[in-house]
Each structure stands twice: as C-alpha cells, then as structure tokens.
Amino acid sequence: VNTTRYRERKAQHQYHAFIQNEWHGVKNLIVIGGLRYDLNTAFKARLSPKLAVNYKLNDQIRFNASYGAGFKAPDFRQLYLSFVNNAAEGYSIYGASEFSVERLEQQKQQGLVAQILPTAFQITTLLPETSRGFNGGVQVAFNQKLRAELNFFRNDVDNLINYLPVATNANGTSVFSYVNINRAFTQGMEFNFSYQPGAHLHLSGGYQFLETADKAILEQVRKGAVFGRDAVGAPARLMTRQDYSGLLNRSRHMANLRLFYDHTPTGWSGSLRGIYRSRFGVLDRDGNGFANMEEEFAPAMLQLHLTVGKRLSEQWQTQVGVNNLLNQTNARFMPNMPGIHFFTSIQYTFNKKQQK
C-alpha cells in the first residue's frame, strides 16, 4: 500500500485456507464443522476450528449453537496510519507502529496538545488478536407475519485490538491510537424480530445487551485494589464492581428499529430507521484503566435516517433521503460521524431481454 496516510510504502502478504463440511445424518439436525488457516508474513500462522449445530424442532422453532476460534492480525490502518483530519476539527489517528509519546511531548510544547492521557504510555507493538467464542439461541416463526430470534454469546479474547484516545488537542479534539488488551471478554444477548403488519409495511428491529471487561483490571477491582475519582480533582476512593464500566468504546445497550414501506403498483417506497446507543466510556483520566467519572463518558445517542424512493419505470428509479435527521454529533469523541446529511440518487438499470 502506498498512500499519503502512511509515511512510506508498506507491504504485507496474507494467505488463507478454509475447509468445511455440512452433515445431515440425523433428521432435522445440521452439523457444520470447519477449519481455517491464516498465514500473515508479519506474524505467526494460526489454525482456527469451528463447530455449529442447528436443530429444527418443528416448522416454527429452531435451535442453534456454535463454538469457534478466531484470528485477526493488525491491519495496515492499526499499524501504520498517520492521519490528521483537518476537515473534522483536526482529530488525529496514529497506528501503533507510528505512535510515540515523544512526538506528543513536542506537540505539547508547541501548544498543539493540551493533555497527554495515561493511556498513551500503554501503546506498544501490536500483536494479533485471537479469540474463542460460543453462541446459542432459538429462532421462532410465530406465523407468516411475525418472526423472532434470541441469542446468547460469550467471547474470550487474547490481545484484543482496541482504539482509544491518548491525548487531547488544544482545540478540544482527540488523538487516537491502538493498543492490545491482554485478556478480555465480551458477553451478552441479542434479540431481533421481523413483523409485517400489512401488505406494504414491514417492521424490524433488534436489541443488544453487552458486558465487556479487561480481565486483569476486573480481577483487581474485585480484590479491592483499584482506586479512582468521581470527578477531576476529587479525592481518590476505592472502586467497586458497580463502578467498573468495562472496555472503552463499548455501549451496554444498543437498539435499532426500522419501518419500511413498499407500494409496488405505484412505485413508491420509503423507510424510517432509528439507531440507539447508550453512553460508553471513551477516556481514562485517573489512570485506573476504565471510565468511571462522568466526563470520561460519551453521552447516549439516537440517530434517525429517512429515505423516500420512487420507481419511474423498469429502468429508472430515484431516491432522496436524510441521514442523522436529529443532527447528533460529538466532534470530540466520535469525530468520524458527520451531522445531518442530505442525499439524492438516480439509478438506471440496463436490462438485456432474454431471447426465447
């Protein structure tokens, strides 16, 4: 890769091999087993197995479960990115291999950086991420109009690759980089549904409850060995399990709801989609490894997206819409999310008639 976002030309070779078998030896039972081999020239090779089962109890209910291992090598962005986005108030992102505290110290002396966060001293050479995950759930078709599914999951991850702020610029924006978390887990549940109340209306949605943790920090919290503050300048106190908010950049609650309208005879269609994300930790000012002060969290956010389309003919279709209708922005903690965004599109489809 050769781009202005990297200081010099970067090269990496990746090889993958995959084998899978699907077994139907028992009525209503499907068993899938597989192996994936990953070879990255910058890291060691990895063999990842998986096993999944799906059982059809009847025409309405299915049960599924799976267990698998995962492998993720750091990508070019996480390793080599060196980028300052002047169009978005000047936030910066540096890959772990391009990051240095010395550069931040120089920028602080120049008045460009206001504060270097404790997380800056955690940045080191990135290692590949490996994981072991379990998922189990049930799918129910109540009738032709209503379907739902419920899933529970648990993932244990070694060297989890996470991005986080490492400094605050003088203009209030952040400097980001990437770090490994030695031992982490994510667990929770997901619920999704699909409902068709009428011939032209379709309603779908979902909810996720998520718990995350750096296992080492959580163990220290449980032992009563971690201190923190309730506000900047406040006296330090012992942190409890209730104070521990988990990994940075992870929301405990997320939900989405989408209403879709499609009237084929007239060619009109439209959709309204809402996405909710509860507050999540973004900073660690007191050096205990997680967010516990109110100013260390990004607030909850609700985004609405509206689209209206019209099929003019078999070939022509037009669409107008607006993303982020409520103009939800957070330049400091989510600089890559623009404000309200209007768009329009015209589509022409080339059809080749099939000869009899």
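- Using a 4.5 Å heavy-atom threshold, the side chains of Tyr207 and Met189 count as touching.
- Expressed to the nearest 0.5 Å, how far CG of Asn143 lies from CZ of Arg147 amounts to 8.5 Å.
- The backbone N or O of Gly172 sits nowhere less than 3.5 Å from a side-chain atom of Asn169 that would complete a donor-acceptor pair.
- Both Leu218 and Val226 belong to a single network of hydrophobic side chains, linked directly or stepwise wherever heavy atoms of I, L, V, M, F, W or Y lie under 4.5 Å apart.
- Taking CG of Leu325 as the reference point, atom CG of Leu306 lies at 6.5 Å (rounded to 0.5 Å).
- Arg62 and Gln139 share no donor-acceptor pair across their side chains, judged by distance under 3.5 Å alone.
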CA sep, side-chain torsions, deciding dist, call: Val232, Glu295, side-chain contact (heavy atoms from CB on, under 4.5 Å): CA-CA 8 Å; Val232 176; Glu295 53 264 44; 3.1 Å; yes
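- At a threshold of 4.5 Å between side-chain heavy atoms, the hydrophobic network of Ile, Leu, Val, Met, Phe, Trp and Tyr places Phe227 and Leu283 in two separate groups.
- Judged by distance alone, the side chains of Thr186 and Asn155 do bring a donor and an acceptor atom under 3.5 Å apart.
- Remark: side-chain polar atoms of Asn180 are paired, donor with acceptor, to backbone N or O of Asn159 under 3.5 angstrom.
- Under a cutoff of 6.0 Å and an axis angle of 45°, Arg277 and Phe280 form a cation-pi pair.
- Note on Arg241 versus Asp243: no salt bridge recorded, every NZ/NE/NH1/NH2 to OD/OE distance being 4.0 Å or above.
- Under a 3.5 Å cut-off, the side chain of Asn256 and the backbone N or O of Ile275 do not form any donor-acceptor pair.
- Hydrophobic clustering of Ile, Leu, Val, Met, Phe, Trp and Tyr side chains at less than 4.5 Å, counting indirect connections, keeps Phe71 apart from Phe134.
- Between the side chain of Arg103 and the main chain of Glu98, a donor-acceptor pair closer than 3.5 Å is present.
- In terms of heavy-atom proximity, Ser278 sits nearest to Ser251 at O-OG, 2.8 Å.
- Distance alone, capped at 3.5 Å, places no donor-acceptor pair between the Ser204 side chain and the Phe193 backbone.
- A salt bridge between Asp158 and Arg132 is present, with a side-chain N of the basic residue lying under 4.0 Å from a carboxylate O of the acidic one.
- Within the 6.0 Å centre-distance limit, the rings of Tyr348 and Phe350 are counted as a close aromatic pair.
- With respect to Lys72 and Asp75, no salt bridge is recorded, no charged nitrogen being found less than 4.0 Å from a carboxylate O.
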Does the pair Val157 and Thr130 meet the rule for a side-chain contact (heavy atoms from CB on, under 4.5 Å), with working shown? CA-CA 6 Å; Val157 189; Thr130 58; over 6 Å; no
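- Classified by interplanar angle (parallel below 30°, tilted 30° to 60°, perpendicular above 60°), the ring pair His263/Tyr261 is parallel.
- Between the side chain of Asn292 and the backbone N or O of Gly228 there is no donor-acceptor pair closer than 3.5 Å.
- Placement of Leu57 and Val26 within a single hydrophobic cluster is found when ILVMFWY residues are connected by side-chain heavy-atom separations under 4.5 Å, directly or transitively.
- A donor-acceptor contact shorter than 3.5 Å links the side chain of Asn249 to the backbone of Tyr163.
- You'll find the side chain of Val308 stays beyond 4.5 Å of the side chain of Gln319, heavy atoms only.
- Minimum interatomic distance between Gly70 and Ser48 (heavy atoms only, all atoms of both residues): C-OG, 4.1 Å.
- With contacts defined as side-chain heavy-atom distances shorter than 4.5 Å, the pair Leu117/Pro165 qualifies.
- Between the side chains of Lys50 and Gln20, at least one donor N or O sits under 3.5 Å from an acceptor N or O.
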Yes or no on salt bridge (charged side-chain N to carboxylate O under 4.0 Å, His left out) for Glu8 and Lys10, after CA distance, side-chain angles and deciding distance? CA-CA 6 Å; Glu8 58 188 14; Lys10 301 294 182 180; 3.1 Å; yes
Is there a side-chain contact (heavy atoms from CB on, under 4.5 Å) between Glu190 and Phe153 once you walk through the steps? CA-CA 8 Å; Glu190 294 176 331; Phe153 60 90; 3.8 Å; yes
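- Phe209 is listed as a side-chain neighbour of Glu211, based on a closest heavy-atom distance under 4.5 Å.
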What's the verdict on side-chain contact (heavy atoms from CB on, under 4.5 Å) for Phe176 and Tyr94, showing C-alpha distance, side-chain angles and the deciding distance? CA-CA 6 Å; Phe176 298 90; Tyr94 297 104; over 6 Å; no
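- Residues Val53 and Leu35 do not share a hydrophobic cluster, clusters being chains of Ile/Leu/Val/Met/Phe/Trp/Tyr side chains in contact below 4.5 Å.
- The nearest pair of heavy atoms linking Gly224 to Leu238 is O-CD1, 3.2 Å.
- Within 6.0 Å of atom NZ in Lys310, more than 12 heavy atoms from other residues, nucleotides or ligands are found, so the atom counts as buried in its surroundings.
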Would you please test Phe290 and Tyr244 for ring pair (Phe, Tyr, Trp, His ring centres under 6.0 Å) and show each step? CA-CA 7 Å; Phe290 59 94; Tyr244 183 64; 4.9 Å; yes
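- Contact annotation: the side chain of Tyr91 never approaches that of Val175 to less than 4.5 Å [non-hydrogen atoms, C-beta and beyond].
- Judged by distance alone, the side chains of Gln14 and Gln12 do bring a donor and an acceptor atom under 3.5 Å apart.
- Counting heavy atoms of neighbouring residues, nucleotides and ligands inside a 6.0 Å radius, atom CD of Gln144 does not exceed 12 of them.
- Contact check for Gln347 versus Thr318: no side-chain heavy atoms found under the 4.5 Å cut-off.
- Using a 4.5 Å heavy-atom threshold, the side chains of Tyr37 and Ile19 count as separate.
- Counting only distance, with no hydrogens or angles, the side chain of His305 and the backbone of Arg273 share no donor-acceptor pair below 3.5 Å.
- One finds the NE2 atom of His341 at 12.5 Å from the CG atom of Asn327 (value rounded to the nearest 0.5 Å).
- More than 12 heavy atoms of other shown residues, nucleotides or ligands fall within 6.0 angstrom of atom CZ in Arg258.
- Checked for salt-bridge contact, Glu219 and Arg183 meet the test: a charged N lies under 4.0 Å from a carboxylate O.
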Arg154 vs Asp156, test: salt bridge (charged side-chain N to carboxylate O under 4.0 Å, His left out). Steps then yes/no. CA-CA 7 Å; Arg154 164 81 182 205; Asp156 292 278; 2.8 Å; yes
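- Pairing each heavy atom of Lys27 with each of Tyr55, the nearest pair is O-CE1, 4.3 Å.
- The structure places OG of Ser82 at 13.5 Å from OH of Tyr80, a figure rounded to the nearest 0.5 Å.
- Checking Asp262 against His200 by side-chain atom types alone, no donor-acceptor pair falls below 3.5 Å.
- Under a 3.5 Å cut-off, the side chain of Gln220 and the backbone N or O of Ile217 do not form any donor-acceptor pair.
- Side chains of Arg229 and Asn288: no donor on one and acceptor on the other come within 3.5 Å.
- Side-chain contact between Pro128 and Arg46 is absent, with no heavy atoms from C-beta onward closer than 4.5 Å.
- One finds the CE atom of Met301 at 14.0 Å from the CZ atom of Arg279 (value rounded to the nearest 0.5 Å).
- Side-chain N or O atoms of Ser177 include none that pairs as donor or acceptor with a backbone N or O of Ile123 at under 3.5 Å.
- Listed here is the closest heavy atom pair of Val166 and Ala120: O-CB, 3.5 Å.
- Counting all heavy atoms, side chain and backbone alike, Thr344 lies closest to Val320 at OG1-CG1, 3.4 Å.
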